[in-house]
Amino acid sequence: MEEKMKTEDKQLYAMRHSLAHIMATAVTTIWPDAKLGVGPVVDNGFYYDIDLGEASVSEEDFKRIEKEMYRVINAKQPFEHSNKPIDEAITWAQGSNQPYKEELLNDLKRAGTTLASDLDAEELGTITSGDSAVGEVSFYTNGEFTDLCRGPHVESTDKVGAFKLMRVAGAYWRGKEGNPQMQRLYGVAFATKEELHEHLRLLEEAKKRDHRKLGQELDLFVLSDLVGPGLPLFTPRGTVLRQELIRFSEDLQREAGYQAVWAPHMTRVELYKTSGHFDKYPERFDVSSVESTDEFMLKPMNCPHVAQIYASRPRSYRDLPIRYMETTTMYRDEKSGELHGLSRVRALTQDDSHAFVRHDQIKDEISAIMEMVKRMYAVLDLPLSVDLSFRDDSDNYFGEKSLWADAEKMLEDVAKDQDLDYKIERGEAAFYGPKIDIYISDALGRRWQCATVQLDYVQPERFDLTYIDQDNGSKRPAMIHKAILGSIERFLSVYIEHTAGKFPVWLAPEQVRVITVNQEDKTIEYAETVQQEATRLGLRAEVDNSNESVGKKIRNATLMKVPYTIVVGDKEIETNQVIPRIREDMIVQAGERPIGMNEFLKTVAHEHKARVTKTSL
RNA sequence: GCCCUGAUAGCUCAGUGGUAGAGCGCAUCCAUGGUAAGGAUGAGGUCGUGGGUUCAAUCCCCACUCAGGGCUCCA
């Protein structure tokens, strides 16, 4: 990591890391009994894990801690590096009553201190002894506070830029569930005040765009205690979004030769015992039968089911590739604390597909899938980046190593051919094969995994899938799993926040709102005629003839982020022309232009069909 | 699952050991209004659920459920 860092990144890293020490200095000043865990740098800031025993820190204490931190900063204490022999370091930890540090040091000693940098960096946090001599560990001291630490640090405590303590959270010691839980104090930090303010502004913006808030405001989905956690219900408006996205995905797949199939949402558990998923997947919903002794489960994925369709009859090499698609819901019993709005749910819908291919067809098939992915996200205006998720040396994977190497090479070849911006992640593969994981970056610069392509030699083996080759021999096909949107629910959570609810016309639940100037019969009649014509053209239009002022009705349409609003009264009835009010993000040329009502509707219908983001009006 | 915080009207939230309030929304009426909030009146709450303390609990205590922030996990 360090060797790739630019100078300014290094400087910022040192600032954040130094702030972690300064915060620990402040905390140990206020609570002298505080036991310290680790205090590393994270995205945008730093944290320190502390254990106050019976006491606890709350966010109300932040003022006090920050005040103490400023005292340390203003004292301009130099950061001084020193090395201690390991045994002396352990004595230090015992003497200063720091059991967590002592544990780390004992581990370092056991591993041989010079090996420290090869240990799991996360497990050890910042603590390694990379810069120290054999048998010694590295320390940094500022003023009265000394900490086991590899550095780097700024020269003195006043050179740390701008920071703010953000929150306190629980965290297990060394990230292991069985370990004692400590309190993690998070802060954000930047080189300048301006950057800090910009970051805080982004957080505010993210809060405003939170899909749970917008889902409520725009009437897209609801949660019901009676239905249960992690089981969102979609309103008519939210369902439009789902269906339009699914239609787009299925259109792309149909063009690429995929055929729709359908599988029930539950199965005998034997299916999953055969596929090998059963033991790897404890988060399943069991379903019991009153009528038989069979054990059932809800499907947590779709591949084993679809494999049975392939297996239902003999296949010839001439038949391949066989491509099945199914947009279907699967059920995963996520732990309650892991659920989050639409992004982590217990019933998730995927635009799933499985292609059964000969070995010589794999590359072309994966390339074709990547083309679909690129088209989808170009239309959705979301930039992509790609991880190749490969296996590591552990034995968590099924299948022969040579096949894996072969499969991984094939995925990398496709990534190269397609000129994808990719990096390789070892240890991130599925147990049955390597993956191409596609990430999208949203308007706030956050990165999310949605689409995935997975190459699988294991399930064809487990289900004994075959085809007859030209030499009349029985051969094993490969299976290619893919989802373009991934989970529709998770995709929507990202997309709602990306667009802040300002959906392009083709996705907007309501595309045109017709506002009446008064409640006279002829006005309402005219508005309804416009709505009917819009519906005839395949558009989604609503009439607002409520007993409110025009200003109020405009405001309501604006708040609902409706792309086009038209106001109708005597003028429009007479001329059959309107000046549409266009949502500002879609406007290319400024200025209001009158347009014939029919031409207006036809233009919107065209924009809907072409799935464009901007308007020609 | 674990730690911390929370739950009061459809929504956003104030408040109190002596059974409740605002704004928005909703309903009715007046106003017939021309591009981001016209006016008046009214309905609407077992204060998340169960237990405990108390003469008395929406408020204090405990448990549970759900939600939020994290941890862990995400085939």
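Throughout, protein chains are lettered first and strands after them, A, B, ... in sequence-line order, and every chain is numbered starting at 1. Atom set for the values below is all heavy atoms of this structure, side chains included, hydrogens, waters and symmetry mates excluded.
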How about A/Tyr272 and A/His277: are their ring centres within less than 6.0 Å of each other?
yes
Comparing A/Gln449 with A/Gly341, nearest RNA chain B nucleotide closer to 5' gives the residue A/Gly341
If you check every side-chain atom of A/Ile554, which of B/G34, B/U32, B/A36 has the closest atom?
B/A36
Using the P atom in both, what is the distance from B/C3 to B/C62, to the nearest Å?
14 Å
For RNA chain B, whose closest nucleotide is more 5', that of A/Leu339 or that of A/Val550?
A/Val550
Can you tell whether the side chains of A/Glu510 and A/Arg237 come within less than 4.0 Å, N to carboxylate O?
yes
Starting at NZ of A/Lys522 and ending at C1' of B/U32, how long is that distance when rounded to a whole Å?
12 Å
Is it the case that the side chains of A/Thr327 and A/Asp351 hold a donor-acceptor pair, with the cut-off being a distance below 3.5 Å and no angle test?
no
Need one value for A/Arg490: base, sugar-phosphate or nothing, where a base atom within 4.0 Å counts as base even if backbone is also close, heavy atoms only.
base
Taking atom P in both B/U16 and B/C61, what distance in whole Å separates the two?
15 Å
Whole-angstrom distance between B/A20 and B/U58, as gauged at atom P:
10 Å
Atom pair NE2 (A/His354) and CG (A/Asp456), whose distance is rounded to the nearest 0.5 Å:
8.5 Å
Roughly how far apart are A/Tyr186 OH and A/Lys164 NZ, rounded to 0.5 Å?
16.0 Å
Mind checking whether A/Phe431 and A/Phe398 have ring centres under 6.0 Å apart?
yes
Integer-rounded Å distance: B/C74 P and A/His277 NE2
14 Å
For B/G38, take OP1 and OP2 only and decide whether either is under 4.0 Å from a side-chain N or O of A/Ser549.
yes
Any idea which of B/U35, B/A67, B/G69 is nearest the A/Arg212 side chain?
B/G69
Near A/Glu400 CD, under 6.0 Å, is it more than 12 heavy atoms from other residues, nucleotides or ligands?
no
Looking across every strand, which nucleic acid part, if any, lies under 4.0 Å from A/Glu572 by heavy atom: base, sugar-phosphate, or nothing?
base
Can you tell me, in whole Å, how much space there is between the C1' of B/G44 and that of B/A57?
24 Å
Kindly say whether the aromatic ring centers of A/Tyr310 and A/Phe356 come within a distance under 6.0 Å.
yes
Quick one: is A/Arg332 getting a side-chain N or O under 4.0 Å of the B/C74 phosphate, OP1 or OP2?
no
Side-chain N,O (A/Tyr564) to OP1/OP2 (B/U35) below 4.0 Å:
no
To the nearest angstrom, how far is A/Trp448 atom CH2 from B/C74 atom P?
17 Å
Quick test of your reading of the model: are A/Asp387 and A/Lys423 salt-bridged, counting only N-O distances below 4.0 Å?
yes
For a quick check of understanding: with a heavy-atom distance under 4.0 Å over all strands, which category does A/Lys571 fall into, base, sugar-phosphate or nothing?
base
Under 3.5 Å, N/O pairs linking protein and nucleotides 24-28 of chain B:
unit_1, atom_1, unit_2, atom_2, d
B/G25, OP1, A/Lys552, NZ, 2.8

Which is true for A/Glu217 with a 4.0 Å heavy-atom rule: it touches a base, it touches only sugar-phosphate, or it touches nothing?
nothing
For atom NE2 of A/His211 and atom C1' of B/G68, their distance in whole Å:
13 Å
B/C47 and B/C4, which share atom name P, separated by this distance in whole Å:
28 Å
Check RNA chain B against residues 576-588 of chain A and give the residues with a non-hydrogen atom under 4.0 Å, in numerical order.
A/Arg581
Return the nearest nucleotide to the side chain of A/Asn518; candidates are B/U32, B/G34, B/A67.
B/U32
Carboxylate-amine/guanidinium contact A/Glu584 A/Lys502, below 4.0 Å
yes
When you compare B/G45 with B/U19, how far apart are their C1' atoms, in angstrom units rounded to a whole number?
11 Å
Taking atom C1' in both B/U54 and B/C59, what distance in whole Å separates the two?
13 Å
Please classify the nucleic acid contact of A/Gly569 as base, sugar-phosphate, or nothing, using heavy-atom distances under 4.0 Å.
base
d(CG, A/Asp544; C1', B/G34) in whole Å
14 Å
Hey, what do you get for CD (A/Glu548) to OG1 (A/Thr516), rounding to the nearest 0.5 Å?
11.0 Å
Measure NZ/A/Lys561 against C1'/B/A36 and give the value in whole Å, please.
14 Å
Nearest whole angstrom, please: distance from the C1' of B/G39 to the CG of A/Asn547.
12 Å
Parallel, tilted or perpendicular: which describes the rings of A/Phe503 and A/Tyr495, with under 30° parallel and over 60° perpendicular?
parallel
May I ask you to decide whether A/Glu217 forms a salt bridge with A/Lys561, counting only side-chain N to carboxylate O separations under 4.0 Å?
no
Roughly how many Å is it from NZ in A/Lys207 to C1' in B/U12, rounded to a whole number?
14 Å
In dot-bracket, 5' to 3', how would RNA chain B read with Watson-Crick or G-U wobble pairs under 3.5 Å, [ ] for crossing ones and | for pairs to another strand?
(((((((..((((....[..)))).(((((.......))))).....(((((..]....))))))))))))....
Would you measure the distance from the P atom in B/A63 across to the matching atom in B/G25 and give it in whole Å?
41 Å
Quick check on B/G69: is either OP1 or OP2 less than 4.0 Å from any side-chain nitrogen or oxygen of A/His340?
yes
Would you mind checking if A/Arg268 and A/Glu270 are paired as a salt bridge, meaning a charged N to carboxylate O distance below 4.0 Å?
yes
Please confirm whether A/Arg16 makes a cation-pi placement over A/Phe163, using NZ or CZ under 6.0 Å from the six-membered ring centre and within 45° of the ring normal.
no
Looking only at B/U32, B/U35, B/G34, the nucleotide nearest the A/Val517 side chain is B/G34
Does OP1 or OP2 of B/C2 have a side-chain N or O of A/Arg184 closer than 4.0 Å?
no
